[in-house]
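In what follows, chains carry the letters A, B, and so on, assigned in the order in which the sequence lines appear, proteins first and then strands, with residues in each chain numbered from 1.
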Protein chains: 2
Amino acid sequence: MEKIKLLIVDDHPLILEGLKNLLAEEDAVEIIHMCTTAYEVIEAMRTAVPDVALLDINLPDVNGIELCARIRKEFPSVKCIALTTYSQRSYINKMMEAGAAGYLLKNASKTEILTAIQEVHAGGMYLRVKDDGAQMEEENSPIPTLTPREKEVLALIAEGLTNPQIAKKLYVSVLTVNSHRKNLLHKFEVSNTAMLIRQAVVAGLV
Amino acid sequence: MEKIKLLIVDDHPLILEGLKNLLAEEDAVEIIHMCTTAYEVIEAMRTAVPDVALLDINLPDVNGIELCARIRKEFPSVKCIALTTYSQRSYINKMMEAGAAGYLLKNASKTEILTAIQEVHAGGMYLRVKDDGAQMEEENSPIPTLTPREKEVLALIAEGLTNPQIAKKLYVSVLTVNSHRKNLLHKFEVSNTAMLIRQAVVAGLV
DNA sequence: CTTCCTATCCCCCAAAAACAGGATTTTAAA
DNA sequence: TTTAAAATCCTGTTTTTGGGGGATAGGAAG
């Protein structure tokens, strides 16, 4: 029986290391790529396509959700499993919507990770998020879907630019920027910039 | 020769796992405690005092800097080594100020970690932050020292309260809140709430 | 006993953001 | 091609923020 070819991506090298050690002695799987950015993932896949990809959600360049969607589009044969610290329903939904076949928390056990990989590779789906009671503070994060323009504006707001400055930078009217800003506030269901930015940061959108 | 007794703390179980695997085969050291929160660390130390503690900075309850200070106070014999992803000067300074004897990035190699542990245990100090060029975006984060009141106000701002609301909650004048707010902006060297909150979030202050 | 720090309060004023609507055009998808 | 979504611009008003000062009382530390 062929070994399952794995790609793992995480921005923390130590987590990669941990996974490598965890999976190295298993002969059912074989890690063919270890990446720390979404860019590396796509590059790596062009050279050798894995069977399963373990994806972190927090990546420096693109977030794991978008990365998953992209993988599903460019390499439909690759099964994606989210491996993250977030147990929020919204993340799970987004990830599944993006085409993920599995979802694991980083405190998952070795056997659990292995089971997930195998079941997913066999065409199944695996999702287990056991509530350890530790991080249930952020249970309510809608994570709205933003348009490209809104993301752009949000990023600039987070960088500290004011509406006039953003308008100048994007070559649009201040009124337009203000509209986007208002829409952002609505989508995030918040009433001021402080809440908006905090939500955006914890959601990894900035 | 006695093995060096280690305590490691990190909120990501996988990093703990990685470290464990990394250090398990070494006979120079011995992990006696693995914790995920600052609270656990203090509890663990009451039962068995380690020689060296590897501390993450991002912890769910108390940040690693304060934890380090507390360890140095309650268990002066314990040498602390920061093990984190932050390469910012300000973090290093804070950590050293808190009494740490070492500072490592999470992308440090196994031998580097071992060397650090041994040198620190021998009474020395070890600090090596090599710039991998990857995360130099955040090179300038002052991390100002905030007064208790300022932290309080900052937290409320981050929760989305306006000055009048904060004033009401703290039973002080709006003008007072505004002063704290202005001082916060000065200390963080930013010019609006968006930048303030973003900095505060990445600094783990909210 | 002085400084220094903190917290509190005050002034004036300009700029920005938020609230509440609506309208138009371009773009993308069904 | 019809429809929906996105991006653009508009008119108002009200509230909040931010920038520049300053003053005072209490406490801690030198």
Side-chain angles (χ1 to χ4, degrees), chain A residues 65-66 69-70 72-74 94 97-99 142-201 205-206, chain B residues 66 69 73 94 97 142-201 205-206:
Chain A
I65 295 164
E66 288 182 38
R70 190 155 166 209
R72 297 299 302 160
K73 197 166 188 177
E74 288 196 41
K94 287 273 173 192
E97 207 175 306
I143 303 205
T145 312
L146 303 184
T147 69
R149 202 52 159 178
E150 283 168 347
K151 284 185 194 173
E152 210 167 351
V153 172
L154 176 58
L156 294 174
I157 293 174
E159 279 177 27
L161 301 201
T162 65
N163 284 354
Q165 291 172 324
I166 296 173
K168 201 171 176 183
K169 180 158 250 174
L170 298 182
Y171 302 105
V172 295
S173 160
V174 183
L175 300 148
T176 304
V177 178
N178 202 271
S179 290
H180 289 308
R181 194 181 197 120
K182 284 191 285 189
N183 292 334
L184 283 168
L185 291 175
H186 277 129
K187 285 193 176 180
F188 277 92
E189 293 174 6
V190 295
S191 59
N192 57 40
T193 306
M195 296 162 92
L196 175 67
I197 296 304
R198 196 183 53 140
Q199 296 250 35
V201 173
L205 296 174
V206 291
Chain B
E66 288 182 38
K73 197 167 189 177
K94 288 271 175 193
E97 207 175 307
I143 303 207
T145 311
L146 302 184
T147 68
R149 202 53 158 179
E150 283 167 348
K151 284 185 194 172
E152 211 167 350
V153 171
L154 176 57
L156 294 174
I157 293 174
E159 279 177 26
L161 302 200
T162 65
N163 285 355
Q165 291 172 325
I166 296 172
K168 201 171 176 183
K169 181 158 250 175
L170 298 183
Y171 302 106
V172 295
S173 161
V174 183
L175 300 148
T176 304
V177 178
N178 200 265
S179 290
H180 289 308
R181 193 180 198 122
K182 283 191 281 192
N183 290 335
L184 283 167
L185 292 177
H186 277 129
K187 286 194 175 180
F188 276 91
E189 292 175 8
V190 295
S191 58
N192 58 40
T193 306
M195 297 163 90
L196 175 66
I197 297 303
R198 195 182 53 139
Q199 297 249 33
V201 173
L205 295 174
V206 291

Least distance between heavy atoms, A/A200 atom then A/L154 atom: CB-CD2, 3.9 Å

Atom-to-atom span, CG of B/L184 to C1' of D/dT17 - whole angstrom: 13 Å

side-chain N/O A/T176 vs D/dC9 OP1/OP2, d < 4.0 Å: yes

Distance in Å, A/M195 CE paired with A/E189 CD, rounded so as to fall on 0.5 Å steps: 10.0 Å

Terminal axes of the helix from C/dC1-D/dG30 to C/dA30-D/dT1 (five pairs each): angle between them, nearest 10 degrees: 60°

Distance, nearest 0.5 Å, that separates CD of A/Q199 from CG of A/L184: 12.0 Å

Partner set under salt bridge (charged side-chain N to carboxylate O under 4.0 Å, His left out) for B/R181, not counting sequence neighbours: none

Between NE2 on residue B/H180 and CG on residue B/L146, distance to nearest 0.5 Å: 11.5 Å

Residue list, side chain to side chain donor-acceptor pair (under 3.5 Å) with A/T162, at least two apart or on another chain: A/Q165

Side-chain N,O (A/T147) to OP1/OP2 (D/dA7) below 4.0 Å: yes

Comparing B/V177 and A/H186 on DNA chain C - which has the more 5′ nearest nucleotide: B/V177

Positional range of nucleotides in DNA chain C within the contact set of chain B, heavy-atom, under 4.0 Å: C/dT6 to C/dC10

Interatomic spacing from NZ in A/K187 to CG in A/L185 - rounded to 0.5 Å: 12.0 Å

Short side-chain to backbone donor-acceptor contact, B/N183 and B/H186, under 3.5 Å: no

Residues within residues 160-175 of chain B bordering DNA chain D, heavy-atom distance below 4.0 Å: B/T162, B/N163, B/P164

Atom pair distance, as rounded to whole Å: NE2 in A/H180 and P in D/dC10: 14 Å

Would you tabulate the pairs of protein nitrogen or oxygen atoms and nucleotide nitrogen or oxygen atoms of nucleotides 24-30 of chain D closer than 3.5 angstrom?
none

Between P of D/dA5 and CD of A/E150, the distance in whole Å: 13 Å

Sequence-distant partners of A/K169, side-chain contact (heavy atoms from CB on, under 4.5 Å), two or more places apart: A/L156, A/L161

Which residues share a side chain to side chain donor-acceptor pair (under 3.5 Å) with B/T147, sequence neighbours left out: B/E150

Protein-nucleotide distance (B/K182, atom NZ; D/dA23, atom C1'), rounded to Å: 13 Å

Touch class at under 4.0 angstrom, heavy-atom based, for B/S179 against every strand present: base

Side-chain touch A/T193/B/I197, heavy atoms, less than 4.5 angstrom: no

Interatomic distance, A/N183 CG vs D/dT8 P [rounded to whole Å]: 11 Å

Sequence-distant partners of B/E152, salt bridge (charged side-chain N to carboxylate O under 4.0 Å, His left out), two or more places apart: B/R149

Rounded distance in Å - CD (A/E152) to C1' (D/dA6): 13 Å

Qualifying residues under side-chain contact (heavy atoms from CB on, under 4.5 Å), relative to A/S173, sequence neighbours excluded: A/L175, A/T176

Whole-Å gap separating P (D/dT17) and CD1 (A/I157): 15 Å

A/A167: partners by side-chain contact (heavy atoms from CB on, under 4.5 Å), with sequence neighbours left out: A/V174, A/V177

Atom-to-atom span, NZ of B/K187 to C1' of D/dG18 - whole angstrom: 18 Å

